[in-house]
There are 2 protein chains.
Amino acid sequence: MSADAFERTPQNTVKRIPDRGHYDKETIYQILDAAFLCHVAFVDEGKPFIIPTLYARDEDSILLHGATTSRMLKHAQTGQPLTIAVTHVDGLVLARSVFHHSINYRSAVIFGCGTLVADPAEKMRALELFTEKLLPGRWADARAPHANELKATSVIAVAMDAASAKIRAWGPKDDDEDMELPVWAGVLPVRPMFGEPIASDDLIAGIGVPDYIPAHVATQNHKA
Amino acid sequence: MSADAFERTPQNTVKRIPDRGHYDKETIYQILDAAFLCHVAFVDEGKPFIIPTLYARDEDSILLHGATTSRMLKHAQTGQPLTIAVTHVDGLVLARSVFHHSINYRSAVIFGCGTLVADPAEKMRALELFTEKLLPGRWADARAPHANELKATSVIAVAMDAASAKIRAWGPKDDDEDMELPVWAGVLPVRPMFGEPIASDDLIAGIGVPDYIPAHVATQNHKA
């Protein structure tokens with residue numbers, strides 16, 4: 001692995017439509033940093049399992065966390081291989097022909113093995129990364145974890161051994177013979193948006209929505 | 001498997017927070033029918049792989065499709081076990097304490113094995129399901145697949161052998177001792193929205209945006 005890109009190996013090389021493949025960390029990390037949900041795949045007794053979970057990136061590692069009793073986290077800390085995917089759907093690509101319909105997307109796939117983060121200070125820092133990834137500004141406002149809460153939480157660091165990204169970000173590509181068809185073609189953008197915050201009905205009086213909580217903006221834009 | 005629910009087995013039983021687990025088809029199929037992207041996990045040479053891809057549901061099967069050259073589809077048609085996940089992020093759950101932060105979500109995990117759909121009429125019907133899932137109304141408007149395009153496309157049907165759903169759909173649950181903290185608590189909704197359609201710049205004159213193409217609505221609502 002060079003400083004700024006992942007080595008291409010049979011494992012991480014994008015085979016279908018290789019022009020959409022990217023191996024540089026800048027591209028891959030932008031995709032990782034713009035989402036908060038990933039899917040983790042692992043093998044248990046020869047069978048594939050997949051778990052959706054929150055994550056954060058810490059330099060060249062993906063951090064996972066959850067209850068110490070979580071099956072996925074218990075498996076992850078055994079050091080067996082994990083594969084982690086993060087996918088953004090950016091739009092429906094509507095071609096004149098059904099065959100050329102597609103979606104615009106940015107996806108990253110990470111290969112690595114997990115290790116347990118045991119040091120309480122490192123765990124605390126990981127929880128700060130998770131919280132700030134969900135919502136920048138939240139860590140300083142919410143009540144910090146107590147020692148028993150830290151103890152009930154497992155944090156796993158997955159060092160990225162290999163990774164790749166795949167991106168499609170353009171309009172439909174129809175065949176020459178279809179270009180004159182009277183069919184609308186283009187892209188219908190899709191983006192996840194924050195709605196209006198819904199306050200708990202048991203809030204104490206006088207607590208307004210803090211400035212750092214966004215509304216009606218794309219989830220990927222409010223950090224800018 | 002009963003007519004309307006999946007049997008609970010060690011494979012599909014929700015272990016972490018079992019109250020969030022669901023096994024009835026109505027709940028699971030609603031989750032499946034409200035999204036168009038899934039993640040498919042499979043095992044190759046003992047290692048986990050994961051691929052994001054479009055899908056459609058046909059009764060008790062998940063349909064996958066793509067180029068006949070796709071590694072995932074070639075693997076899928078060997079009949080080896082696949083696990084498929086569909087996850088909706090519905091909101092950030094902001095508790096008074098960092099520890100009780102969470103997300104609201106609806107996820108479905110499907111276990112099954114793939115078989116190739118070889119019959120041209122069945123393949124054509126599958127492509128109609130894919131197209132109508134992306135955008136109801138599109139199939140009748142776009143140019144239908146030619147025979148050579150059908151031939152270049154693999155369709156795999158994954159019969160659902162087991163499945164479960166997991167749902168969190170409520171506000172933060174803070175500890176009693178934290179209820180008087182001066183911290184805003186509640187849910188910040190997240191939903192994927194369609195933006196404004198972007199027409200290809202090579203459209204022939206006079207082609208307006210068809211009525212069936214939505215804009216500025218949640219992707220899950222435009223079919224209602």
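Letters A, B, ... are given to chains in the order of the sequence lines, protein chains preceding strands, and every chain is numbered from 1.
- Only the side chain of B/D175 comes within contact range of chain A, judged by heavy atoms closer than 4.5 Å.
- Proximity to chain A involves both the backbone and the side chain of B/F49, based on heavy atoms less than 4.5 angstrom apart.
- Of the residues considered (A/I204, A/L188, A/D201, A/V187), A/L188 shows the highest number of contacts with chain B, using heavy-atom pairs under 4.5 Å.
- The contact between B/T153 and chain A is made entirely by side chain atoms (from C-beta outward), counting heavy-atom distances below 4.5 Å.
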Query raised in the report: Please walk me through it: do A/F36 and B/V89 pass side chain to side chain contact (heavy atoms under 4.5 Å, CB included)?
Result: CA-CA 10 Å; A/F36 36 76; B/V89 174; 3.8 Å; yes

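- Contacts with chain B were tallied for A/P145, A/S102, A/A185; A/A185 has the most, counting heavy-atom pairs under 4.5 Å.
- Across A/P48 and B/P81, no two heavy atoms sit closer than the pair CG-O, 3.4 Å.
- Of the listed residues B/I103, B/V40, B/I51, the one with more heavy-atom pairs under 4.5 angstrom with chain A than any other is B/I103.
- The parts of B/V209 that come within reach of chain A are both its backbone and its side chain, each placing non-hydrogen atoms under 4.5 angstrom from that chain.
- Shortest non-hydrogen contact noted between B/P189 and A/I198 is CG-CD1, 3.8 Å.
- Between B/W184 and A/P197, the closest side-chain pair of non-hydrogen atoms falls below 4.5 Å.
- The candidate from A/I213, A/L82, A/L94 with the greatest count of non-hydrogen atom pairs under 4.5 Å with chain B is A/L94.
- Contacts between B/L54 and chain A at a heavy-atom distance below 4.5 Å involve the side chain alone, from C-beta outward.
- Proximity to chain B (any heavy atom under 4.5 Å) is shown, for A/Q11, by both the backbone and the side chain.
- Ranked by non-hydrogen atom pairs under 4.5 Å with chain A, the options B/M72, B/K47, B/E45 are led by B/K47.
- Considering every non-hydrogen atom in both B/D178 and A/R143, the closest pair reads OD2-NH2, 2.5 Å.
- Proximity to chain A involves both the backbone and the side chain of B/L181, based on heavy atoms less than 4.5 angstrom apart.
- Looking at B/S70, both its backbone and its side chain come within 4.5 Å of chain A, counting heavy atoms on both sides.
- The environment of CG in B/D211 is sparse: at most 12 heavy-atom neighbours from other residues, nucleotides or ligands sit within 6.0 Å.
- Rounded to the nearest 0.5 Å, atoms NE2 (A/H101) and CZ (B/R138) are 4.0 Å apart.
- Interface summary for chain B: among A/A144, A/G208, A/A215, A/G171, the most heavy-atom pairs under 4.5 angstrom belong to A/G208.
- For B/T83 (side chain) and A/I50 (main-chain N/O), no donor-acceptor pair under 3.5 Å exists by modelled atom type.
- Within the 4.5 angstrom heavy-atom criterion, atoms from both the backbone and the side chain of B/T69 approach chain A.
- The two residues B/P10 and A/R71 make their nearest non-hydrogen contact at O-NH1, 4.2 Å.
- Heavy atoms closer than 4.5 Å to chain A are found in both the backbone and the side chain of B/R191.
- Contact annotation for A/R96: both backbone and side-chain heavy atoms come within less than 4.5 Å of a heavy atom of chain B.
- Of the two parts of B/F111, only the side chain, counted from C-beta on, holds a non-hydrogen atom closer than 4.5 Å to a non-hydrogen atom of chain A.
- Each of B/D141, B/V183, B/D174 has some count of heavy-atom pairs under 4.5 Å with chain A, and the biggest count is that of B/V183.
- Salt-bridge check for B/K173 with A/D202: failed, with every basic side-chain N at 4.0 Å or more from each acidic carboxylate O.
- Note: B/I207 leads B/T131, B/L37, B/I207 in heavy-atom pairs under 4.5 Å with chain A.
- Contact record, A/V190 with B/P192: CG1-CB, 4.2 Å, taken as the closest heavy-atom pair.
- When each of B/A85, B/G206, B/G66 is scored by its heavy-atom pairs under 4.5 Å with chain A, the top score falls to B/A85.
- Ranked by non-hydrogen atom pairs under 4.5 Å with chain A, the options B/P52, B/A199, B/P210 are led by B/A199.
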Query raised in the report: Would A/L92 and B/F194 count as a side chain to side chain contact (heavy atoms under 4.5 Å, CB included) if you check the C-alpha gap in whole Å, the side-chain angles of each, and the deciding distance to 0.1 Å?
Result: CA-CA 9 Å; A/L92 309 186; B/F194 286 124; 3.7 Å; yes

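- Atom CD of A/E177 sits in a crowded spot, with more than 12 heavy atoms from other residues, nucleotides or ligands closer than 6.0 Å.
- Between the NE2 atom of B/H216 and the CE atom of A/M193 there is a distance of 9.5 Å, given to the nearest 0.5 Å.
- For B/V109, the part sitting under 4.5 Å from any heavy atom of chain A is the side chain, from C-beta outward, and nothing else.
- Interface remark: B/L203 contributes backbone and side-chain atoms alike to the contact with chain A (heavy atom separation under 4.5 Å).
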Report task. Could you go through the side chain to side chain contact (heavy atoms under 4.5 Å, CB included) check for A/L127 and B/F99 one step at a time? Result -> CA-CA 9 Å; A/L127 297 181; B/F99 184 70; over 6 Å; no

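- Here the shortest heavy-atom pairing between A/S97 and B/A142 reads C-CB, 4.3 Å.
- Looking at A/T87 and B/H39, their side chains do bring a donor and an acceptor atom within 3.5 Å of each other.
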